[in-house]
Amino acid sequence: MNKTDSRILNKPQADPIDDYLECVTYCSVSSSADENDCQTICMERHLKSSYF
């Protein structure tokens, strides 16, 4: 009989889209960074490895 580790099954999966949206939200709140550059950084950081 196979045993599975319940810690692995119960671990929530990180959603790159949620991480990207959270990052972009921070960009719009933060006035110190240029918004377009900030959005590009968010896309490269959170979406590039998953979707591009």
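Everything numeric here is computed off the predicted structure, so don't read it as measured data.
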Nearest-0.5 Å distance that lies between atom [atom1] in [X] and atom [atom2] in [Y]:
X     : Y     : atom1 : atom2 : answer
Asp15 : His46 : CG    : NE2   : 11.5 Å
Cys27 : Ile41 : SG    : CD1   : 7.5 Å
Glu44 : Tyr20 : CD    : OH    : 11.0 Å

Cystine candidate Cys38-Cys23, SG separation under 2.5 Å: no

Looking only at non-hydrogen atoms, find the nearest pair between Cys42 and Val24 and report the distance. SG-N, 3.7 Å

